[in-house]
Every structure is written in structure tokens, then in C-alpha cells.
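In what follows, chains carry the letters A, B, and so on, assigned in the order in which the sequence lines appear, proteins first and then strands, with residues in each chain numbered from 1. The structure presented is a predicted model; accordingly, all values stated were derived computationally and were not measured.
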2 protein chains.
Amino acid sequence: MRASPLKAEAPTTEAPSPRQQAVLDAALALMVDGGEPLTMDAVARRASCSKETLYKWFGDRDGLLTATVRWQASRVHAGRYEVSDLDAVALRENLLDFAESWLAVICSRTSVALNRIAIAETGSRKSNLGGIVLANGRFAIGERVKPVLEAGRMAGLLAFDDSEAAFRTFFGLVGRDIQIRLLLGDALDLDAAGIRSDAARAVEQFLALYRQAKP
Amino acid sequence: MRASPLKAEAPTTEAPSPRQQAVLDAALALMVDGGEPLTMDAVARRASCSKETLYKWFGDRDGLLTATVRWQASRVHAGRYEVSDLDAVALRENLLDFAESWLAVICSRTSVALNRIAIAETGSRKSNLGGIVLANGRFAIGERVKPVLEAGRMAGLLAFDDSEAAFRTFFGLVGRDIQIRLLLGDALDLDAAGIRSDAARAVEQFLALYRQAKP
DNA sequence: TAAAGACAGTACCGTACGGTACGGTACGCC
DNA sequence: GGCGTACCGTACCGTACGGTACTGTCTTTA
């Protein structure tokens, strides 16, 4: 019943040059405002580079997609969470912060576009885009949040056996049906205020479920 | 912040003939064991019919996909829920039943394949497959579960203001990260026992959050 | 039995797209 | 200056696939 987290991702090939980053940004821009299908031609045109260069740098279409996903992922992992000396207020703060930024991510056009492409590619069973997106999305945040939960437990604020299970519940409370609806094209527009209140609700519900009973 | 449930789906075109059903089943089988891409040729070959017939019956590729999704949906809506005279036991029973069958659906190869195709198609912005999948999946179950929740409230068992919001929380507690992980190709195999225990956990958590405080 | 459909099978058409080849230009380096 | 390298732009190739047309066969109806 536990996960098999796919193949561990290759240890991050070296960073793209500035020019390559510009190309990847063009690819990203293309998939985000999606009017046009993501063809090699379209990327080359948008990035003002030749297709030949694209193939030289990234090998093939899949390589370009992979590099694009990695490039986007490399910009997201920003916030770090402080887990020492956790009191009830700091715990709530941390969880709230996480929930809010996670909601902002999954609601972003970039995330929706990226996930759509990765899912489509996964369906046609070539490339490991899905694995990469999972590793940098769902699993990455899991690894960042679980220490917070464990610190909360250490501080006697939370009670649970399995931090992975606790995190998955939190994940469900935060995301609910939002991601699948967006992926399927529902218009559901969550503005910043909506995200904040949604995050707050999720955190309160999570705390209600996992708060350590007063001794 | 609320949803815009896409365009209401056309009032279900007339039921397909047995032969047409066989064709749709072939399409379904093709997308489920996915070794092959879902081309018109492949469907025709698998269904032992001519492409011309396919186009005559379904108009174009999109029509075929749409009919396939509708056909699958028409077989899923089975269980009906009894909402009169709801006591605590019956409420838990109902919720458990729903959670279990919903988990079984989203874990099925059919659902994963169908959602992948709908999401891919939504990405390339033609067809309303995503809307149809949403209408028959997420929204359909919402409409079936909310009466149960409301009956629970009427019976003084549950407390909430907005049944839609309550349902979305339930949805999140049941599904958590399962659907997105499957769509992205994670192997996560949930057997019947795993589904049962997962469903039970979700129901207990939901009741813990929404149970009416004893007066 | 003749005429009319419905349909399988297959050949075919047009186009989109992944991938390659090649000419042309700018910039280093000897 | 000559030469190599890196790159853009574009033309090109092969193939896959959506969609159409045609032929032959079987079934139905009169």
C-alpha cells in the first residue's frame, strides 16, 4: 500500500547556461499561454534560436521537456522552514505558510500547464516527466513539511504515528479537489484572499485532527 | 472563488446501439491497456469496424472520445444512497460506502486512463472532454453525497454551514494525493483492503471534524 | 430476384510535427 | 588574413495520424 516513488531522479545535470535558460523560459512561456501546441518549431521560433541548437543542447523533444521541468522546479524551492523551538504559534505559522504557498503553486498557470503536459506524456508512456514532476512537487514538499510535523510532535503539540500519513491528510485538506478540477479545465479562480482563507481553514482542520490532547 | 462548472453538459445524446457499445468498449480497452496510442485506426482495428463507420457514427475523433467517456460514465453511477431516517450508524455506513467506491474508481486503470486523456485534450484546447469527465466524476458524486450530509445535519448528527464546502473537505480526506500521483505515473498500488482502511480513516476524520457537538 | 443500405477493408490525401542538413554570419584564435 | 566554432534561419525528409473515397460483401425490403 505504500508508494514506490518511481526511479530516483538523476542527480540534476549541470545548470543550463543563461542562453539555455532563456530557451527554457521560452518553452515555459509557450506552455503557459498555451494558445499554441508545444512543438520544437514553436519553441525555436519563440526563443529565436534554431531547431538544430535545440537538438544539440537537449537531445530530443523529451530532453527539452525534462530540462524545462527541472528549470522551473529549480526556481520554486525557496522558503525554508525553521523547526527548532517550535511552539503552538510557530507551528500554525509554518503550516499556514506552507499551505498558502502550495495552493498558490497548484493554482498557477505554470503548474497547471506543466502537470498537464507531464500527465499527457505519462499516458503515452515515454519519458519520465511524470516522475520528475512528482519528485519536485508532491514528494519535495512532503520532505519539507514532515520535519515540521515531527518537530510539532517532539514539542508535544501534535500526535500521530506516521508522519507520512499525517502529511498526506494535510495535503488532502489543503488541495481537496482543486488540482484535478484545474487540470480538467474548470475555471475555478482562487485569488490571493481565497487562497489565504482556504489555507487557514485547512490548517485549523488539520490541527483539530492531530492536536495532542492536553495531558 | 466558487466554481464555474463549465458549460452544462448536453442532455445525454441517445444511447448507443449494442454494436456501437462494442466499439466504445474497444476504445476503452485500448486506452486502458495503453500500449498503443488511441488513434482512429487502432480503434477501428480493435473493434473490427471500418474507419468510415467510426466517422459516420461519431463525427470525428473528439466525438468518439466524448461518446466513450459518456459510455463509461453511464455504467458507473450505480449505488443510490438512502437518506431518510438517518441515524449515526447509517450515516457512517453511507459515507464509508461512498468513500470506498470513490477510491475504487479513482484507482482503477480505466479512470486513470480516461482522466489522462481528458487532461491531455484539455491542454490542447479543443473539445470539452475535461468538462464531461468533471461532470460525471467529481460533480456527480458531489450531488450524490451532499444530500447525505444534509440529511445528517437534519438529524442533528453533523454541523456545517455549507454542504459544498463540507463535501470538498470530505473529498480531500478521501482522495488526498492518490489521484495526482496515479495520473503522474506513480505506482502506488492500493488493494481492496488498503482502500477499505483508507476509506475508514477518511470517514472517521470527517466525522471528527463535522460531528455536531452534543447539546 | 432486383434494388438499396449498412458496413468491413483498404487505399489514399493532406498536414503537422520530430528530426536532420545545409548555407550564412559573427566571433574567437593562430 | 585564414580557420574553427557556435549559432541562426530555413529548407527538407519521413512518418504518423485525422479524415475521405472507393470497392466488395452481406442483409434487408419489396
Side-chain angles (χ1 to χ4, degrees), chain A residues 13-31 33-69 113 116-118 120-129, chain B residues 13-31 33-69 113 116-118 120-129:
Chain A
T13 49
E14 76 255 44
S17 75
R19 178 69 178 118
Q20 290 173 336
Q21 294 178 11
V23 170
L24 297 178
D25 279 330
L28 228 26
L30 204 58
M31 47 204 275
D33 62 37
E36 208 175 348
L38 191 80
T39 66
M40 298 300 276
D41 258 306
V43 173
R45 219 174 318 119
R46 182 119 178 187
S48 290
C49 73
S50 72
K51 282 212 292 177
E52 195 166 22
T53 303
L54 249 35
Y55 283 101
K56 185 168 166 195
W57 284 347
F58 305 106
D60 56 7
R61 187 184 129 97
D62 191 59
L64 173 63
L65 258 37
T66 302
T68 305
V69 171
R116 281 212 187 111
I117 290 188
E121 221 68 18
T122 301
S124 43
R125 182 151 13 290
K126 44 190 177 200
S127 85
N128 190 18
L129 265 197
Chain B
T13 49
E14 76 257 44
S17 75
R19 178 69 177 119
Q20 290 172 336
Q21 294 177 13
V23 170
L24 298 178
D25 279 330
L28 228 26
L30 204 57
M31 46 204 272
D33 61 40
E36 211 175 348
L38 192 81
T39 68
M40 299 300 275
D41 259 306
V43 173
R45 220 174 316 121
R46 181 121 178 185
S48 290
C49 74
S50 73
K51 280 212 291 178
E52 195 166 24
T53 303
L54 249 35
Y55 284 100
K56 185 170 170 194
W57 284 347
F58 305 105
D60 56 7
R61 185 185 131 98
D62 192 58
L64 173 63
L65 258 36
T66 301
T68 305
V69 171
R116 281 212 187 111
I117 290 186
E121 221 68 16
T122 301
S124 43
R125 186 149 11 288
K126 41 187 181 206
S127 86
N128 190 19
L129 264 197

Q) How do B:Thr39 and A:Leu54 order along DNA chain D: which one's closest nucleotide is nearer the 5' end? A)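 Whichever sits nearer the 5' end wins; that is A:Leu54.
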
Q.
Here's a test of your reading of the structure: between A:Ala47 and B:Leu38, which maps to the more 5' nucleotide of DNA chain D?
A.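 Nearer the 5' end of the strand: A:Ala47.
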
Q | Value in whole Å for how far the P atom of C:dG9 lies from CZ of B:Arg46 | A |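 After rounding, the gap between these two atoms is 15 Å.
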
Q: Walking along DNA chain D from 5' to 3', note the first and the last nucleotide with an atom under 4.0 Å from a heavy atom of chain B, and give both.
A: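 So the outermost contacting nucleotides come out as D:dC17 to D:dC22.
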
Q) If we only count heavy atoms from C-beta on, is the B:Thr68 to B:Ile117 side-chain gap below 4.5 Å? A)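 No, side chains not in contact.
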
Q) So, do A:Trp57 and A:Glu52 sit near enough that their side-chain heavy atoms are less than 4.5 Å apart? A)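 A:Trp57 does not reach A:Glu52 side chain to side chain.
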
Q. Want to settle it: does B:Lys51 or B:Ser48 sit nearer the 5' end of DNA chain C, counting the closest nucleotide to each?
A.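 Comparing both residues, the 5'-ward one is B:Ser48.
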
Q: Map A:Ser50 and A:Met40 onto DNA chain C by nearest heavy atom, then report which one ends up closer to the 5' terminus.
A: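 Counting from the 5' end, the first nearest nucleotide belongs to A:Met40.
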
Q. For B:Arg45, which contact category applies under a 4.0 Å heavy-atom criterion: base, sugar-phosphate, or nothing?
A.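 Answer is nothing: B:Arg45 stays at 4.0 Å or more from every strand.
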
Q. Counting any heavy atom closer than 4.0 Å, what does B:Lys56 reach on the DNA or RNA strands: base, sugar-phosphate only, or nothing?
A.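 Sugar-phosphate, no base atom in range.
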
**Q.** Working for side-chain contact (heavy atoms from CB on, under 4.5 Å), residues A:Phe58 and A:Val23
**A.** CA-CA 11 Å; A:Phe58 305 106; A:Val23 170; 4.1 Å; yes

Q. Would A:Arg116 and A:Glu121 pass as an ion pair if we require N to O under 4.0 Å?
A.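 Not counted as a salt bridge, because no side-chain N and carboxylate O are separated by less than 4.0 Å.
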
Q) Using 4.0 Å as the upper bound for N to carboxylate O, is an ion pair formed by A:Arg46 and A:Asp33? A)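 Result for this pair is yes, salt bridge flagged.
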
Q: Report the distance from atom CD of B:Glu36 to atom CG of B:Asp41, rounding to the nearest 0.5 Å.
A: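 CG of B:Asp41 is found 9.5 Å from CD of B:Glu36.
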
